[in-house]
There are 2 protein chains.
Amino acid sequence: MHDPNSFGCRAFTAVLQRIGDKWSLLIVSVLAEGPKRFNELRREIPSISQRMLTLTLRGLERDGLVSRTVTPSIPPRVDYELTELGQSLRKPVCALAEWAMANIDAIHTAQSRFDRANGEKV
Amino acid sequence: MHDPNSFGCRAFTAVLQRIGDKWSLLIVSVLAEGPKRFNELRREIPSISQRMLTLTLRGLERDGLVSRTVTPSIPPRVDYELTELGQSLRKPVCALAEWAMANIDAIHTAQSRFDRANGEKV
DNA sequence: TGACCTGGTCACACCGAGGTAACCGGAGAA
DNA sequence: TTCTCCGGTTACCTCGGTGTGACCAGGTCA
């Protein structure tokens, strides 16, 4: 009952709740290129709303994955940067991303087959 | 513009939308032990509702990660089993799960520090 | 006869993630 | 003077994922 899968899944689920959302990994991947300012991120991810960018960055900052540096100049300047923890996340994330890239076609194929088999009766 | 991060993130996001939900990975991890019947899964994951178990299994089946075998006996018997694709997903998932287990404390610590620093002003 | 097992489906309600848009404050530009 | 930029915050609304509970068919058991 206390097999590793179970424990792993709990921690994994907790982490997924955080980084598995719509934006976190996208932001992390952009930030992986180097530090960025708020509006720089916004320009690189045009589809994100200002609110969600703020919220997601706060969440990542809260988790210690991203650091936030405010320069009290005029106009104010805020830089976001991956922390070491954030950097270390890239490796396993890339592993999963590679799986995703390698298997996304198989998934789409399976979906098409499934939809063809089950969708026609509608 | 067409850097690997971007493409990886797209496929990754698509995969996350599927397996990043509340139940998929839990079911996959249980199914990793071997084939299970519907109510077996329900007993091993007491907190899941019948509806969500059905829906999640359908989704996993649609993606070709899980196979569904109906034995038309009385009472009917339905076995669920990981496909090869489902098995192959375990490796990168475990990598991420291991990261989660290794860093969940660091995350909690960062969260506490963040909450202590920002929560007091409320 | 009626309760219960099997594996589901359906209708309904809820809640929280996410989007939209307005507003802020201070400064420079037109 | 008014507009714009920067980095947000806030109120409001929508929408989809999730939970609840009823219901289904067919057979067995008490």
Side-chain angles (χ1 to χ4, degrees), chain A residues 9 13-28 30-31 35-63 66-81 114 117-119 121-122, chain B residues 9 13-28 30-31 35-63 66-81 114 117-119 121-122:
Chain A
C9 233
T13 299
V15 170
L16 271 186
Q17 301 262 332
R18 195 73 278 306
I19 62 161
D21 65 42
K22 201 170 174 182
W23 299 114
S24 293
L25 282 170
L26 199 52
I27 291 176
V28 167
V30 171
L31 239 33
K36 303 274 180 183
R37 300 182 56 178
F38 185 86
N39 276 356
E40 254 181 306
L41 287 168
R42 213 151 53 124
R43 276 188 291 268
E44 298 215 26
I45 312 173
S47 52
I48 197 172
S49 64
Q50 190 170 16
R51 190 181 100 98
M52 288 317 296
L53 182 53
T54 301
L55 288 180
T56 308
L57 285 170
R58 281 290 173 285
L60 292 171
E61 187 197 355
R62 178 169 183 264
D63 293 340
V66 160
S67 68
R68 179 170 180 269
T69 309
V70 181
T71 308
S73 58
I74 297 295
R77 174 193 180 95
V78 183
D79 287 280
Y80 293 93
E81 187 175 2
F114 184 92
N118 297 24
K121 66 186 174 189
V122 177
Chain B
C9 232
T13 298
V15 171
L16 271 185
Q17 301 261 332
R18 197 68 281 304
I19 62 162
D21 66 41
K22 201 172 175 182
W23 300 113
S24 292
L25 281 171
L26 199 51
I27 291 177
V28 167
V30 170
L31 239 34
K36 303 272 180 185
R37 300 181 56 179
F38 185 84
N39 276 355
E40 253 180 305
L41 287 168
R42 209 149 56 125
R43 278 187 291 269
E44 299 215 26
I45 312 173
S47 51
I48 197 173
S49 64
Q50 188 171 16
R51 192 180 103 97
M52 287 319 296
L53 181 53
T54 301
L55 287 180
T56 308
L57 284 169
R58 282 289 173 285
L60 292 172
E61 188 197 354
R62 177 168 184 264
D63 293 341
V66 160
S67 67
R68 180 170 180 268
T69 310
V70 180
T71 308
S73 60
I74 296 295
R77 175 194 180 95
V78 183
D79 287 280
Y80 291 94
E81 188 177 1
F114 185 90
N118 297 23
K121 65 185 175 190
V122 179

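Naming convention: chains lettered A, B, ... in sequence-line order (proteins, then strands); numbering from 1 in each chain. The structure presented is a predicted model; accordingly, all values stated were derived computationally and were not measured.
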*Could you pick out which residue, B/Arg43 or B/Thr54, lies toward the 5' side of DNA chain C when each is mapped onto its nearest nucleotide?*
B/Arg43
*Picking from D/dG19, D/dG8, C/dT20, which would you name as closest to the side chain of A/Ser49?*
C/dT20
*Base, sugar-phosphate alone, or nothing: which one does B/Arg37 contact when heavy atoms must sit under 4.0 Å apart?*
sugar-phosphate
*For B/Asn39 and C/dC5, is the shortest distance between a side-chain N/O and OP1 or OP2 below 4.0 Å?*
no
*Atom CD of B/Gln50 and atom C1' of D/dT18: how far apart are they, to the nearest Å?*
15 Å
*Between NZ on residue B/Lys22 and CD on residue A/Gln17, distance to nearest 0.5 Å*: 7.5 Å
*How long is the gap from CG on B/Asp63 to OG on B/Ser24, to the nearest 0.5 Å?*
8.0 Å
*Rounded to the Å, how far apart are A/Arg42 CZ and D/dC6 P?*
8 Å
*Length of the CG-C1' vector between A/Leu55 and D/dG8, whole Å*: 11 Å
*Could you measure between the two C1' atoms, the one in D/dG19 and the one in C/dT6, and give it in whole Å?*
22 Å
*For B/Met52 and D/dG16, what is the distance between atoms CE and C1' respectively, to the nearest whole Å?*
11 Å
*asked:* Whole angstroms only, please: what is the CG-P distance between B/Asp79 and C/dG7?
replied: 9 Å
_Without decimals, in angstroms, what is the distance between B/Leu53 CG and D/dG21 C1'?_
17 Å
_Value in whole Å for how far the C1' atom of C/dG16 lies from NZ of B/Lys22_ = 11 Å
*Do the side chains of A/Leu26 and A/Ile45 get nearer than 4.5 Å, heavy atoms only?*
yes
*Look at the side chain of A/Ile74 and decide which nucleotide, out of C/dG19, C/dT6, C/dG26, has an atom nearest to it.*
C/dG26
*asked:* By nearest atom, which of the nucleotides D/dG8, D/dG7, C/dG7 is closest to the A/Tyr80 side chain?
replied: D/dG8
*Check: A/Glu40 side chain, A/Arg37 main-chain N or O, donor-acceptor pair, under 3.5 Å*: yes
*Which part of the nucleic acid, if any, lies within contact of A/Arg58, taking any heavy atom under 4.0 Å across all strands shown: a base, the sugar-phosphate backbone alone, or nothing?*
sugar-phosphate
*Given side-chain contact (heavy atoms from CB on, under 4.5 Å), test A/Phe38 with A/Leu57 step by step and report yes or no.*
CA-CA 9 Å; A/Phe38 185 86; A/Leu57 285 170; 4.0 Å; yes
*Closest listed nucleotide, where the reference is the side chain of B/Arg51 and the choices are D/dG7, C/dA11, D/dT10*: C/dA11
_Rounded to whole Å, how long is the line connecting atom CD of B/Gln17 with atom C1' of C/dA17?_
12 Å
